[in-house]
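As structure tokens, the structure follows; a few thoughts come after it.
First the proteins, then the strands, lettered A, B, ... as listed; each starts at 1. All values below were derived from every heavy atom in this structure, side-chain atoms included, with hydrogens, water molecules and symmetry-related copies excluded. All values derive from a computational prediction rather than experimental measurement.
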Amino acid sequence: MSLTLVQQKKRKITYSYLGLVPFLVFFLFPLYWMLITAFKPDSEITSLKGIPFIIHSVPTLDHFKFILFKTRFIQWFWNSFQIAIVVTIITMIVSILGAYAISRLRFLGSRYFGVGIFCTYLVPPALLFIPFYKVVGILGLINTKWCLLFLYPTLTVPFCTWILIGYFTAIPRALDEAAFVDGATYIQMLTRVFLPVAAPGLIASTLFAFTVSWAQFLYPLAYIYRDEEKVLTNGIYTTLIRGDVYHWGELMGGALLASVPVVVLFAFLMDYYIAGLTRGTIK
Amino acid sequence: MVTIASTVNGRSSPGILSRLKSRRYAAYWMVLPLVILIAGLVVYPFVYSVYLSFENKAETKFVGLKNYKRLLNYKTFWLVTGNSFRFTLTAVFFKATLGLILALILNNLPFGGQRIWRGVSLIPWVMPLALSSMGWWWIFEPTHSAINWIIVQFGGTPKPWLSDPFWARVSCIVTNIWFGTPFFMIMYLAGLKSIPESLYEAAQIDGARALQRFRYVTFPMLSKLIGITVMFSTIVTFANFDIVRILTRGGPRYTTHLFGTYAFNIGIESGHLPRGSAVALFMFPVLGLAAFFILRNIARGEE
């Protein structure tokens with residue numbers, strides 16, 4: 001009896017792995033195809049002979065050399081990085097203070113704040129980019145990367161505040177009451193009690209803010225046309241595609257290189273991110 | 001807590017009282033940046049876009065509902081409306097179904113394998129969508145690329161993926177399914193973990209087979225989460241911009257445009273900001289409905 005149970009379990013695991021295969025092929029094929037294209041010489045990309053899923057001739061670094069030395073890729077990378085870092089810092093300051101006040105220091109209307117924050121999802125970038133076009137223009141920030149500094153927090157702050165409210169509310173009240181009685185100020189309570197205890201939530205929201213800033217496409221596409229001010233997403237899209245001649249090798253190489261920082265960050269911090277994402281809704 | 005507080009109270013009660021009073025002011029100061037941000041950068045632009053949509057192209061005259069009326073008379077606008085709903089409904093349906101199947105599969109795996117493959121399955125969702133869409137764009141290239149090569153190997157005729165209205169829509173939807181399925185998987189997987197093992201044991205004792213356990217235990221326990229996740233994804237999918245912009249730019253002949261890309265086309269590229277605003281605002285009722293549903297569900301869960 002117990003033997004069959006073990007066998008049953010083994011069979012279940014085998015079938016599960018079999019069922020996983022088509023998903024993995026679907027998920028990973030585009031990446032493989034991008035990778036292999038980036039290393040193929042142009043003559044092979046446009047050749048119709050042979051199986052296209054392997055490189056027949058010698059893999060080439062020409063596409064990467066072109067991206068790094070003949071385009072402004074490095075400048076865009078640096079722009080993306082600067083913007084993402086500053087937006088993340090702004091986001092964390094605003095969200096931490098807001099979430100702390102909402103979850104602990106009760107004040108008039110604090111109960112409705114959670115709902116209000118959630119409602120900002122009703123106004124996505126696809127709806128906001130037109131009024132922002134006017135606002136950015138009036139502020140004289142069209143064609144500069146700096147306009148992104150005040151546009152991106154609208155995408156990051158609501159979600160990060162939402163995550164942090166969840167983490168802060170879960171901290172036992174006894175902890176901050178004890179600190180309060182010991183004479184701690186509100187800021188000390190925040191830095192000595194709340195931030196250390198909610199560290200996983202801080203990691204999750206930092207990661208969220210950084211990746212959202214890194215990945216945004218619509219705002220830079222709409223407001224930034226000068227090559228040296230572009231970020232990675234719109235830079236690659238508008239510059240590596242010229243007329244009807246698509247430089248597939250360069251395009252794929254650029255898209256992959258631009259994804260590396262985000263994918264690496266996730267590889268290390270994914271567990272925090274998943275916990276932050278799911279804890280609000282699963283209960 | 002009470003005992004400690006009262007003993008300490010004897011010593012420092014005035015301090016605590018005045019500090020309790022200052023608590024409210026501290027809260028207002030702390031929440032101020034958040035309020036400024038939401039009021040100034042979400043609420044204000046939204047109201048402004050409503051105002052803008054009542055103006056003429058040169059933004060010199062108030063024309064009332066003219067932009068909206070014009071749009072309602074455009075065949076193209078109704079085409080875009082149809083596209084947006086078709087895109088959202090199809091993509092969300094497949095994402096929700098495939099995500100559930102994938103979550104059930106991963107949930108069966110032993111801990112180590114589960115962690116690794118869950119991470120690998122998340123890659124499409126982690127990668128910036130604009131960049132991975134460029135990869136899909138290349139995949140769908142008709143002459144030199146992958147999909148048509150495979151089709152030809154199996155004796156089929158190559159498809160003009162991005163230049164035929166039907167296949168262009170399929171391409172955009174497939175790309176969205178690829179991107180969004182991992183999100184559903186991660187939500188469902190977390191939900192599956194929160195179902196108490198005892199429920200399955202009880203079902204087992206009652207003689208329920210695998211399918212019945214899913215039908216009577218797993219599905220009812222997940223249903224609320226499925227609802228929230230579906231609505232959440234509906235908001236994001238309906239407002240999608242990157243995929244269509246990169247794969248087809250709305251073509252061929254507007255057959256793949258969504259509200260977001262069409263608003264960009266009219267507002268930025270054709271320079272008619274007020275009418276572009278009106279297009280984008282047509283998204284609002286659907287987004288509002290979805291958000292209302294989510295809030296109602298979350299609020300119910302807190303009771």
Examine whether an atom of Leu218(A) lies under 4.5 Å from a heavy atom of chain B, and if so say whether it belongs to the side chain, the backbone or both; otherwise answer neither. both

Closest-packed option against chain A by number of heavy-atom pairs under 4.5 Å, given Ala290(B), Ser121(B), Pro274(B): Ser121(B)

With side chains defined as the heavy atoms from C-beta onward, is the minimum distance between Leu34(B) and Ile117(A) less than 4.5 Å? yes

At a 4.5 Å cut-off on heavy atoms, which part of Leu273(B) comes close to chain A: side chain, backbone, both, or neither? both

Side chains of Ile123(B) and Phe27(A): closer than 4.5 Å at any heavy-atom pair? no

Tell me, for Phe150(A) versus chain B, whether the close heavy atoms (under 4.5 Å) come from the side chain, the backbone, both or neither. both

Phe183(B), part contacting chain A, at a heavy-atom distance under 4.5 Å: side chain

Applying a strict 4.5 Å limit to non-hydrogen atoms, the region of Leu189(B) in contact with chain A is neither

How long is the span from the CH2 atom in Trp117(B) to the CZ atom in Phe23(A), to the nearest 0.5 Å? 14.5 Å

For Trp178(B), is it the side chain, the backbone, both or neither that has a heavy atom under 4.5 Å from a heavy atom of chain A? both

Which answer fits Ile268(B), side chain, backbone, both or neither, if we ask what part of it has an atom under 4.5 Å from a heavy atom of chain A? side chain

Does any heavy atom of chain A fall under 4.5 Å from the side chain of Leu102(B), the backbone, both, or neither of them? both

Selection from Phe53(A), Trp33(A), Phe217(A) maximising heavy-atom pairs under 4.5 Å formed with chain B: Trp33(A)

Given Phe129(A), Tyr133(A), Trp214(A), the one with more heavy-atom pairs under 4.5 angstrom with chain B than any other is Phe129(A)

Tell me whether Lys193(B) at atom NZ has more than 12 heavy atoms from other residues, nucleotides or ligands lying less than 6.0 Å away. yes

Distance from Ser259(A) atom OG to Leu129(B) atom CG, nearest 0.5 Å? 10.5 Å

Relative to the ring of Trp137(B), is the ring of Trp248(A) parallel (under 30°), tilted (30 to 60°) or perpendicular (over 60°)? perpendicular

Heavy-atom distance under 4.5 Å between the side chains of Val126(B) and Thr211(A), does that happen here? no

Interatomic distance, Leu41(B) atom CG to Thr120(A) atom OG1 [nearest 0.5 angstrom]: 11.5 Å

Between Phe266(A) and chain B, which part of the residue has a heavy atom less than 4.5 Å away: side chain, backbone, both or neither? side chain

Please look at Tyr44(B) and chain A and tell me whether the side chain, the backbone, both or neither of the residue comes under 4.5 angstrom of a heavy atom of that chain. side chain

Nearest 0.5 angstrom please: Ile51(A) CD1 to Ile150(B) CD1, how far? 11.5 Å

Just give me the residue among Thr233(A), Leu232(A), Val157(A), Leu97(A) that pairs up with chain B most often, heavy atom to heavy atom, under 4.5 Å. Leu97(A)

To the nearest 0.5 Å, atom CD of Gln216(A) lies from atom CG of Asp242(B) at 7.0 Å

Chain B contact via Leu190(A) - which portion, at a heavy-atom distance below 4.5 Å: neither

Who among Leu104(B), Leu287(B), Val286(B) has the most heavy-atom pairs with chain A under 4.5 Å? Leu287(B)

Among His144(B), Arg115(B), Glu59(B), which residue forms the greatest number of heavy-atom pairs with chain A at distances under 4.5 Å? His144(B)

Please look at Tyr273(A) and chain B and tell me whether the side chain, the backbone, both or neither of the residue comes under 4.5 angstrom of a heavy atom of that chain. side chain

Less than 4.5 Å apart, side chain to side chain, heavy atoms only: is that true for Pro131(A) and Phe46(B)? no

For a 4.5 angstrom cut-off between non-hydrogen side-chain atoms, does Met30(B) reach Ile102(A)? no

Quick check on Ile96(A) against chain B: is it the side chain, the backbone, both or neither that has a heavy atom closer than 4.5 Å? neither

Check each atom of Met283(B) against the heavy atoms of chain A and say whether the ones under 4.5 Å are side chain, backbone, both or neither. side chain

Side chain from CB out, backbone as N, CA, C, O: work out which of these in Leu37(B) comes under 4.5 Å of a heavy atom of chain A, or both, or neither. side chain

Which value, rounded to the nearest 0.5 Å, describes the distance between Leu128(A) atom CG and Ser277(B) atom OG? 10.0 Å

OH (Tyr32(A)) with more than 12 external heavy atoms under 6.0 Å: yes

Count the heavy atoms of every other residue, nucleotide or ligand shown that sit under 6.0 Å from CZ of Phe26(A), and state whether that count exceeds 12. yes

Could you tell me whether Tyr225(A) atom OH has more than 12 heavy atoms of other residues or ligands within 6.0 Å of it? yes

Please step through side chain to side chain contact (heavy atoms under 4.5 Å, CB included) for the pair Phe29(A) and Ile147(B), ending with a clear verdict. CA-CA 11 Å; Phe29(A) 175 71; Ile147(B) 297 194; 5.5 Å; no

Scored by heavy-atom pairs under 4.5 Å with chain B, the best of Leu221(A), Leu151(A), Ile13(A) is Leu221(A)

In terms of heavy-atom pairs under 4.5 Å with chain B, the winner among Ala255(A), Ala126(A), Pro30(A) is Pro30(A)

Select, from Ala263(B), Gly267(B), Ser132(B), Gly276(B), the one with the greatest count of heavy-atom pairs under 4.5 Å involving chain A. Ala263(B)

Heavy-atom distances under 4.5 Å only: say whether Val135(A) touches chain B with side chain, backbone, both or neither. side chain

Does a side-chain heavy-atom distance below 4.5 Å link Asp271(A) with Arg118(B)? yes

Answer with side chain, backbone, both or neither: which region of Trp138(B) has an atom nearer than 4.5 Å to a non-hydrogen atom of chain A? both

Could you look at Leu127(A) and say if it's the side chain, the backbone, both or neither that has a heavy atom under 4.5 Å from chain B? both

Report, as yes or no, whether the 6.0 Å neighbourhood of atom OH on Tyr17(A) holds more than 12 heavy atoms from other residues, nucleotides or ligands. yes

In terms of heavy-atom pairs under 4.5 Å with chain B, the winner among Val263(A), Thr46(A), Val123(A), Ile90(A) is Thr46(A)

pair Ile130(A)-His272(B): side-chain heavy atoms closer than 4.5 Å: no

Side chain to side chain, Met127(B) and Val262(A), heavy atoms closer than 4.5 Å: no

Heavy-atom cut-off 4.5 Å, strictly under: side chain, backbone, both or neither for Thr161(A) against chain B? side chain

Sort Phe259(B) into side chain, backbone, both or neither according to what part of it lies under 4.5 angstrom from a heavy atom of chain A. neither

Below 4.5 Å from any heavy atom of chain A, which atoms of Pro45(B) appear? Answer side chain, backbone, both or neither. both

If you count heavy-atom pairs under 4.5 Å between each of Gly260(B), Pro33(B), Gly40(B), Gly135(B) and chain A, which one has the most? Gly135(B)

Heavy-atom cut-off 4.5 Å, strictly under: side chain, backbone, both or neither for Ser145(B) against chain A? both

Please classify the contact between Ile38(B) and chain A as side chain, backbone, both or neither, with a heavy-atom cut-off of under 4.5 Å. side chain

Contact origin within Tyr237(A) toward chain B - heavy atom pairs under 4.5 Å: both

Taking Leu281(B), Asn240(B), Leu122(B) one by one, which has the highest count of heavy-atom pairs under 4.5 Å against chain A? Leu122(B)

